[in-house]
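Scroll down for the structure; my scribbles are underneath it.
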Amino acid sequence: MAGDEPKPDEVEGEDGEEVTDLSNSDVCTKYQEAAKIVNLALTGLVTQCKPGAKVLDLCEFGHTVIHSTAQKLFTKKVNGQVVERGVAFPVCISVNDVVCNYSPLPTEEREPLKAGDVVKMDLGCHIDGYISVAAHTVIVPSEEEGAEIKAETEMGNVAVAAYNAMLVAANAISAGAKNTDVTKAVERVADAYGVKPITSARMHQMKRYVLDGIKEIALKDPSSEEIERGEQLAECEFEQNEVYAVDVAMSTGNGNARPQDLRITVYKRNVETQYLLKMKASRALLGEVDKKFPTLPFTLRHMEDVRQARLGLNECVQHGLLQPYPCLHDHSGLVAHFKCTVLLLPSGTTRITGLDLPPYFTTTKEPDEETVRVLKEMEEEVAKKAARKAAKKNKRKNKT
């Protein structure tokens, strides 16, 4: 009977289970709507990166944009349940030597931004558990109105390298290709520009409510020491209807980013681990996390009682209940960080998040021939899509 057919949000496969990959058009729509919010938040943050701006205020600004915008979408209940939507990864604003994951507590705010600071912003949004993420790098402008932003030669070079590596990696993630193919492409770009990938960075497959999926991509081949320590990633093949976070960070130094003195504030519940906690504060913390952030990363700043939460942290982390996201530093050189989300659709790989490279990031170095070819093909494809979109718009306009 027609009345028994699944609603659009409840498309079922042959086995009767809900289809949660891109073969379900409604799932694709949710990824794309989350992506629009991510790009909106990034665009807003870029305008807010001014001398005197506080990192905490920037984090809260981005959070508010994501949360408030997401709440306006998919407001109808499905089977009597509210569609969850909002922040999928806390807004992190990492300045200069800090590479990633800095989202401070109010009591631990660092000095405000100043002209010339290099700011890396990282965030994510989800609609019904379908996640889109992005990261972007900018330079804080001068307070003088209309003053031109100028990047150091090395900063421009590493930013162009990281951005182009992100584009090339996104292009290389296609059905039938392997993670090792992407790693080689990223290393090829890095070598051409004379920079180093941040060794601890990884690209991940994403699934519903899963930010860091099983399939991973390294930015560089492992060293012999890393292989001995068992840090070599398993080879995997990409398949149609998968989703990936293409995450690239590069340095003019050695690329060995490490945790230092900044407090870790971003954590994620490890849903596969259970343990009977002994401390009352630990049990209270885990209970609040299970209620408010059961699967996706969160910042301690958004707990009801931050001081009480900090008391319970150690026991939860020691027993693997919470996974920390440490703030990484690289004092060996200048760092740029870019990230986008790609969908492996039947029509090909589609990038749905990420802003354009800021025009003040330039370099005199030339990429290798293969990278030039790939970037040219991508540019031509973007131009074709824009032309088709314009033609459709004109056609509709002429009809009216």
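Note that the numbering runs from 1 along the sequence shown for the chain. All figures in this text were calculated on a predicted structure; none of them were measured in a lab. Heavy atoms only: backbone and side chains are in, while hydrogens, waters and symmetry mates are out.
Of the possible donor and acceptor atoms, none in the side chain of Arg351 sits under 3.5 Å from a partner among the backbone N and O of Thr349. With hydrogens and angles ignored, the 3.5 Å screen pairs no side-chain donor or acceptor of Asp97 with any backbone N or O of His329. A donor-acceptor contact shorter than 3.5 Å links the side chain of Asp117 to the backbone of Lys114. Side chain of Arg263 to backbone of Glu108: no donor-acceptor contact under 3.5 angstrom is found. At distances below 3.5 Å, not a single donor-acceptor pair connects side-chain atoms of Gln323 with backbone N or O atoms of Tyr267. In this structure, the side chain of Arg85 engages the main chain of Ala70 through a donor-acceptor pair within 3.5 Å. Here the side chain of Tyr360 pairs a donor or acceptor atom with the backbone of Ile139 at under 3.5 angstrom. Under a 3.5 Å cut-off, the side chain of Thr137 and the backbone N or O of His337 do form a donor-acceptor pair. Side chain of Thr183 to backbone of Leu219: no donor-acceptor contact under 3.5 angstrom is found. Counting only distance, with no hydrogens or angles, the side chain of Lys120 and the backbone of Asn96 share a donor-acceptor pair below 3.5 Å.
At least one cation-pi condition fails for Lys215 and Phe238: the charged atom is not both under 6.0 angstrom from the six-membered ring centre and inside a 45 degree cone around its axis.
Note on Val46: it clusters hydrophobically with Phe361, by side-chain heavy-atom contacts below 4.5 Å among ILVMFWY residues. Clustering ILVMFWY residues whenever any of their side-chain heavy atoms sit less than 4.5 angstrom apart, transitively, puts Val55 in a cluster other than the one holding Val335. Criterion: ILVMFWY side-chain heavy atoms under 4.5 Å apart, direct or through other members. Under it, Val246 and Val374 are part of a common hydrophobic cluster.
Atoms OG1 and CG, on Thr199 and Leu328 in that order, are 9.0 Å from each other to the nearest 0.5 Å. With rounding to the nearest 0.5 Å, the separation of CG in Asp191 from CG in Asp368 is 9.0 Å. Expressed to the nearest 0.5 Å, how far CG of Asn179 lies from CD of Gln205 amounts to 11.0 Å. Distance CG/Asn270 to OG1/Thr295: 12.0 Å, rounded to 0.5 Å. Here the NZ atom belonging to Lys30 is positioned 12.5 Å from the CG atom belonging to Leu22, to the nearest 0.5 angstrom. Once rounded to the nearest 0.5 Å, the distance linking CG of Leu42 with CE of Met121 reads 7.0 Å.
Other residues, nucleotides and ligands contribute only 12 or fewer heavy atoms inside 6.0 Å of the NE2 atom of His67. Other residues, nucleotides and ligands contribute more than 12 heavy atoms inside 6.0 Å of the CD atom of Gln308. No more than 12 heavy atoms of other residues, nucleotides or ligands sit less than 6.0 Å from atom CD of Glu379.
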Practice prompt. Carefully, step by step, assess Asp212 and Lys268 under the rule salt bridge (charged side-chain N to carboxylate O under 4.0 Å, His left out).
Written response: CA-CA 11 Å; Asp212 304 324; Lys268 183 182 71 173; 3.6 Å; yes

Discussion item. Apply side chain to side chain contact (heavy atoms under 4.5 Å, CB included) to residues Ile66 and Leu123 and explain how you reach the verdict.
Written reply: CA-CA 9 Å; Ile66 294 171; Leu123 51 87; 4.1 Å; yes

Fill in: Derivation and outcome, side chain to side chain contact (heavy atoms under 4.5 Å, CB included), residues Glu288 and Phe293
CA-CA 8 Å; Glu288 186 176 354; Phe293 312 105; 5.7 Å; no

Discussion item. Could you walk me through whether Arg373 and Glu377 satisfy the salt bridge (charged side-chain N to carboxylate O under 4.0 Å, His left out) test, starting with their C-alpha distance in whole Å, then the side-chain angles of each, then the deciding distance to 0.1 Å, before giving a yes or no?
Written reply: CA-CA 6 Å; Arg373 182 189 66 78; Glu377 288 180 356; 2.7 Å; yes

Item to complete: Show your working on side chain to side chain donor-acceptor pair (under 3.5 Å) between Asn39 and Thr353 and close with a plain yes or no.
Response: CA-CA 6 Å; Asn39 291 337; Thr353 64; 5.0 Å; no

Discussion item. Set out, in order, the CA-CA distance, both residues' side-chain angles and the distance that settles side chain to side chain donor-acceptor pair (under 3.5 Å) for His331 and Gln260, then state yes or no.
Written reply: CA-CA 11 Å; His331 293 285; Gln260 287 189 349; 2.9 Å; yes

Practice prompt. Would you sort out whether Tyr244 and Met206 count as a side chain to side chain contact (heavy atoms under 4.5 Å, CB included), showing the intermediate values?
Written response: CA-CA 5 Å; Tyr244 285 87; Met206 296 190 294; over 6 Å; no

Worksheet entry | From CA spacing to verdict: side chain to side chain contact (heavy atoms under 4.5 Å, CB included), Ile37, Leu73 | CA-CA 11 Å; Ile37 297 172; Leu73 304 177; 3.9 Å; yes

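Between Tyr130 and Tyr209, the ring centre distance reaches or exceeds 6.0 Å.
The pair Glu187-Lys220 does not count as a salt bridge, with every side-chain nitrogen at least 4.0 angstrom from each carboxylate oxygen. Using a 4.0 Å cut-off between charged side-chain N and carboxylate O, Arg202 and Asp247 make no salt bridge. We find that Lys178 and Glu237 are not joined by a salt bridge, their nearest charged nitrogen and carboxylate oxygen being 4.0 Å or further apart. Ion pair Asp221/Lys184 not flagged as a salt bridge, since none of the NZ, NE, NH1 or NH2 atoms sits closer than 4.0 Å to an Asp/Glu carboxylate oxygen. Between Arg388 and Glu381 there is a salt bridge, with a side-chain nitrogen of the basic residue lying less than 4.0 Å from a carboxylate oxygen of the acidic one. Ion pairing of Glu33 with Lys36 is present here, as a side-chain N (NZ or NE/NH1/NH2) and a carboxylate O approach within less than 4.0 Å. One finds a salt bridge joining Arg208 and Glu18 here, because a Lys/Arg side-chain nitrogen approaches an Asp/Glu carboxylate oxygen to under 4.0 Å. Contact check on Glu380 versus Lys384 returns no salt bridge, with no Lys/Arg side-chain nitrogen under 4.0 Å from an Asp/Glu carboxylate oxygen. Using a 4.0 Å cut-off between charged side-chain N and carboxylate O, Lys339 and Asp122 make a salt bridge.
Pairing each heavy atom of Ser142 with each of Ala147, the nearest pair is CB-CB, 4.0 Å. Taking all atoms of both residues into account, the shortest heavy-atom contact from Ser282 to Leu277 is O-CD1, 3.5 Å.
The one candidate from Leu211, Val210, Val38 that meets the side-chain contact (heavy atoms from CB on, under 4.5 Å) condition with Ile131 is Leu211. With Tyr193 as reference, Asn164 is the one residue of Thr371, Val158, Asn164 to meet the side-chain contact (heavy atoms from CB on, under 4.5 Å) rule.
Listed by chain and number, the residues in a side chain to side chain contact (heavy atoms under 4.5 Å, CB included) with Asn101 are Phe89, Tyr325 (sequence neighbours excluded).
Looking at Ser103 and Arg301, their side chains do bring a donor and an acceptor atom within 3.5 Å of each other. Residues Asp26 and Thr29 have side chains that never bring a donor and an acceptor to within less than 3.5 angstrom of each other. Side-chain atoms of Tyr275 and Lys278 form a donor-acceptor pair, as typed in the model, at a separation below 3.5 Å. Between the side chains of Asn241 and Ser23, not a single donor N or O lies within less than 3.5 Å of an accepting N or O. Side chains of Glu60 and His302: a donor on one and an acceptor on the other come within 3.5 Å.
Counting only residues at least two apart or in different chains, ring pair (Phe, Tyr, Trp, His ring centres under 6.0 Å) contacts with residues 135-183 comprise His136-Phe338, Tyr163-Phe338.
Residues His319 and Thr273 fail the side-chain proximity criterion, which asks for heavy atoms closer than 4.5 Å.
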